Amino acid sequence: QGGISLWIDCGNIAVRKIDRVAAKVGDAPFRILRRTRRDAEQLAASLKGEVRHPERVRIIAFDNGFVDAIGANLITTNRFRAMRHADALDLHCENRVDTFDLTSRLHLFTVGA
């Protein structure tokens with residue numbers, strides 16, 4: 001229908017962009033992925049009072065080392081299977097060199113007004 005159904009951003013994202021996206025997505029979920037819980041806490045704190053629609057923004061972080069472990073095991077072609085639980089993510093990856101499984105808790109942060 002041409003509308004936004006989900007917006008996911010990761011990596012470094014400016015506060016101004018977060019505010020603009022939160023205003024634009026309407027009722028669609030807006031999720032920001034961060035490498036660690038500490039990264040997510042810092043971002044959430046920096047957004048307090050800076051976002052016009054904080055109720056639309058959720059920040060999701062992974063356990064320390066989870067994202068780095070993914071990167072360390074990737075080669076040119078990888079096949080992933082992910083299972084999301086209420087508060088965790090199980091990731092299975094196969095490639096021509098190896099197979100690996102990783103699990104991380106999902107740390108969820110809301111943005112205070």
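Heads up: numbering here begins at 1 and tracks the sequence. Keep in mind it's a predicted model, so treat the numbers as computed, not measured.
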Are [Y] and [X] co-members of a hydrophobic cluster defined by side-chain heavy atoms under 4.5 Å apart?
{"X": "L89", "Y": "V67", "result": "yes"}
{"X": "I8", "Y": "L91", "result": "yes"}
{"X": "L33", "Y": "V111", "result": "no"}
{"X": "L108", "Y": "L6", "result": "yes"}
{"X": "F100", "Y": "F62", "result": "yes"}

With the side chain counted from C-beta on, respond yes when [X] and [Y] share a heavy-atom pair under 4.5 Å apart, and no when they do not.
{"X": "V57", "Y": "W7", "answer": "no"}
{"X": "L43", "Y": "R34", "answer": "yes"}
{"X": "L106", "Y": "H85", "answer": "no"}
{"X": "I60", "Y": "I32", "answer": "no"}
{"X": "F109", "Y": "R58", "answer": "no"}

>> Between the side chains of D19 and R52, is the shortest nitrogen-to-carboxylate-oxygen separation below 4.0 Å, so that they form an ion pair?
In response: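 Salt bridge between R52 and D19, a charged N being under 4.0 Å from a carboxylate O: yes.
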
> Is a salt bridge present between D90 and R84, judged by a nitrogen-to-oxygen distance below 4.0 Å?
Replying inline: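 Salt bridge: no.
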
>> Once rounded to the nearest 0.5 Å, what's the spacing between atom OG of S104 and atom CD1 of I70?
In response: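 Nearest 0.5 Å value for the OG-CD1 distance: 8.5 Å.
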
> Can you tell me how far NZ of K24 sits from NE2 of H53, rounded to the nearest 0.5 angstrom?
Replying inline: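 Nearest 0.5 Å value for the NE2-NZ distance: 13.0 Å.
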
Give a yes or no on whether the backbone of [Y] and the side-chain of [X] come within a donor-acceptor separation of less than 3.5 Å.
{"X": "D63", "Y": "R105", "value": "yes"}
{"X": "R56", "Y": "G26", "value": "yes"}
{"X": "N73", "Y": "D101", "value": "no"}
{"X": "N78", "Y": "I75", "value": "yes"}
{"X": "R37", "Y": "H107", "value": "no"}

> A40 and A61: which non-hydrogen atoms are nearest, and at how many Å?
Replying inline: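 Closest heavy-atom pair between A40 and A61: CB-CB, 3.6 Å.
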
>> Using the rule side chain to side chain contact (heavy atoms under 4.5 Å, CB included), only one of V51, I4, V25 pairs with F30; which is it?
In response: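 The residue from V51, I4, V25 that satisfies side chain to side chain contact (heavy atoms under 4.5 Å, CB included) with F30 turns out to be V25.
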
>> Counting neighbours of CG on D87 that are heavy atoms of other residues, nucleotides or ligands and sit closer than 6.0 Å, is the number greater than 12?
In response: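 Yes.
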
> If you count the non-hydrogen atoms of other residues, nucleotides and ligands that lie under 6.0 Å from CZ in R38, is the total more than 12?
Replying inline: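 No, the 6.0 Å shell around CZ holds no more than 12 heavy atoms from other groups.
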
> Please walk me through it: do M83 and R81 pass side chain to side chain contact (heavy atoms under 4.5 Å, CB included)?
Replying inline: CA-CA 7 Å; M83 175 66 75; R81 185 176 66 239; over 6 Å; no

> Does the side chain to side chain contact (heavy atoms under 4.5 Å, CB included) test come out yes or no for E94 and H92, once each step is laid out?
Replying inline: CA-CA 7 Å; E94 297 176 13; H92 175 81; 2.9 Å; yes

> Would T77 and N95 count as a side chain to side chain contact (heavy atoms under 4.5 Å, CB included) if you check the C-alpha gap in whole Å, the side-chain angles of each, and the deciding distance to 0.1 Å?
Replying inline: CA-CA 6 Å; T77 303; N95 56 44; 6.0 Å; no

